[in-house]
Amino acid sequence: MALSTLIAAVFGGCARIQELILPTPNVPSEWNALLAEVRAFERRIGFNKETENFKAVYQEQGSYAMCGYAPRLQLPYSYQDPLIRWADAQTEAECRAGAGSDDMYFTTVEAIGEIGTAVTSSMLEGKLDRFLYLVIHEDCHDQFDLPYGVEEALCNLIGYKGMAAFTTQKYGALGREHLAIRRYAGKQTELTRAVVDYYQQVEQLYTRHARKEITVDAALQARARIFANAERTLGWHKSAMNNVGLANEMTYSRHYPLAERVYVAMDSDLARTVAFFKEVDKRKPTPAALKKQLRITDEKSVAFVRAQEAAIVRTIESMLVSR
């Protein structure tokens with residue numbers, strides 16, 4: 001065994017032991033200094049567009065509420081699919097009141113991209129891994145102008161790889177903080193793949209129902225089993241998963257494997273990966289050109305959402321082949 005391989009094996013073993021016994025650190029009280037260091041790291045990997053994110057602090061704003069509805073036996077393509085009715089509800093009770101017979105999805109998030117999102121009390125009271133993920137992911141959105149279905153996956157990839165690289169530099173490969181972040185990033189990548197699998201299971205089920213191969217009751221029973229398995233795997237509360245939640249998760253997951261392929265093709269170099277996708281951004285077809293080519297008039301239609309993502313995928317694949 002080569003010396004480098006032996007050292008990696010020993011360090012890997014130590015890391016696994018420490019990950020089992022060391023809890024994830026909280027966000028440090030001097031979070032402003034940490035944020036400045038993260039921003040310096042972001043500039044080194046090519047985040048050169050200014051962002052308004054996290055310039056304000058909302059101690060009273062614990063989180064941002066999200067409420068959405070979708071038919072029980074129709075699976076939206078993503079969170080942009082008009083099949084989802086997004087509503088302005090601040091509590092779960094308010095959201096539930098408008099559900100009718102539809103699936104109801106209510107959650108709260110610590111930050112929202114492309115709105116100059118603030119530092120919220122839920123971010124500061126949380127764990128270091130989540131804080132770093134949110135900062136890098138939301139700042140990533142301001143660097144690109146890609147379709148959300150591509151950008152969410154890309155910014156997750158950059159978030160997971162970036163937070164691990166940042167903490168390696170700041171805390172060292174065996175630092176408690178880095179081990180927690182590496183554990184978080186690795187787990188989230190695994191869950192991304194699980195989301196794709198569960199989405200495909202539900203999609204196939206609803207296709208069978210639409211073809212009248214199974215009854216409504218049989219479809220509802222089968223989907224309940226799939227959702228229960230998804231809840232256990234993804235760590236959701238019991239009976240919380242439904243069409244809206246799964247479609248929302250899929251928005252971040254569908255193109256993650258492709259983003260990961262690019263990262264590997266760039267020799268796992270974040271700066272090169274960011275540069276690659278900035279070039280994709282330059283080469284992408286304009287919405288007007290795409291609508292004219294495909295004779296689509298409504299940019300909010302799911303047909304346009306899918307077509308725009310497909311065009312970006314073709315651009316990425318072409319660039320990878322021509323390297």
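All residue numbers refer to positions in the sequence shown, counting from 1.
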Any Lys/Arg nitrogen of [X] or [Y] sitting under 4.0 Å from an Asp/Glu carboxylate oxygen of the other?
| X | Y | result |
| --- | --- | --- |
| D145 | K282 | no |
| R193 | E260 | yes |
| D267 | R272 | yes |

Output yes when a side-chain donor or acceptor of [X] lies under 3.5 Å from a complementary backbone atom of [Y], and no otherwise.
| X | Y | value |
| --- | --- | --- |
| E94 | Q90 | yes |
| N243 | R72 | yes |
| S301 | D298 | yes |
| E231 | A240 | yes |
| T120 | E110 | yes |

| D139: what forms a side chain to side chain donor-acceptor pair (under 3.5 Å) with it, not counting sequence neighbours? | R39, N53

| request: Kindly write out the residues that satisfy side chain to side chain donor-acceptor pair (under 3.5 Å) with D217, not counting sequence neighbours, or none if the list is empty. | output: none

Considering all heavy atoms, the nearest [X]-[Y] contact:
| X | Y | result |
| --- | --- | --- |
| G149 | Q80 | N-OE1, 4.1 Å |
| Y252 | E152 | CE2-OE1, 3.1 Å |
| P71 | D102 | CA-OD1, 3.7 Å |
| A99 | M104 | CB-CB, 3.8 Å |

| field | Short side-chain donor-acceptor distance under 3.5 Å, Q201 and D197 | value | yes

| task | Taking side chain to side chain contact (heavy atoms under 4.5 Å, CB included) as the test, write out the residues that go with K291, two or more places apart. | result | E299, F304

| request: Scan residues 156-179 for pairs that pass ring pair (Phe, Tyr, Trp, His ring centres under 6.0 Å), counting only residues two or more places apart or in two chains. | output: F41-F166, Y133-Y160

Show which side-chain atoms of residues 309-319 pair as donor or acceptor with protein atoms under 3.5 Å away, not counting sequence neighbours.
unit_1 : atom_1 : unit_2 : atom_2 : d
E309   : OE1    : Y77    : OH     : 2.7
E309   : OE1    : H255   : NE2    : 2.9
T315   : OG1    : A311   : O      : 2.9
E317   : OE1    : R261   : NH2    : 3.1
E317   : OE2    : R261   : NH1    : 3.1

| field | Beyond-backbone contact of L83 with Y69, side-chain heavy atoms, under 4.5 angstrom | value | no

| query | Would a 4.5 Å heavy-atom cut-off, applied to side chains only, mark N229 and F227 as touching? | reply | no

| request: Step by step, work out the side chain to side chain donor-acceptor pair (under 3.5 Å) result for Y256 and T189. | output: CA-CA 9 Å; Y256 188 93; T189 299; 3.2 Å; yes

| request: Scan for salt bridge (Lys or Arg N to Asp or Glu O under 4.0 Å) pairs involving residues 155-174, sequence neighbours excluded, and state none if there are none. | output: E37-K170

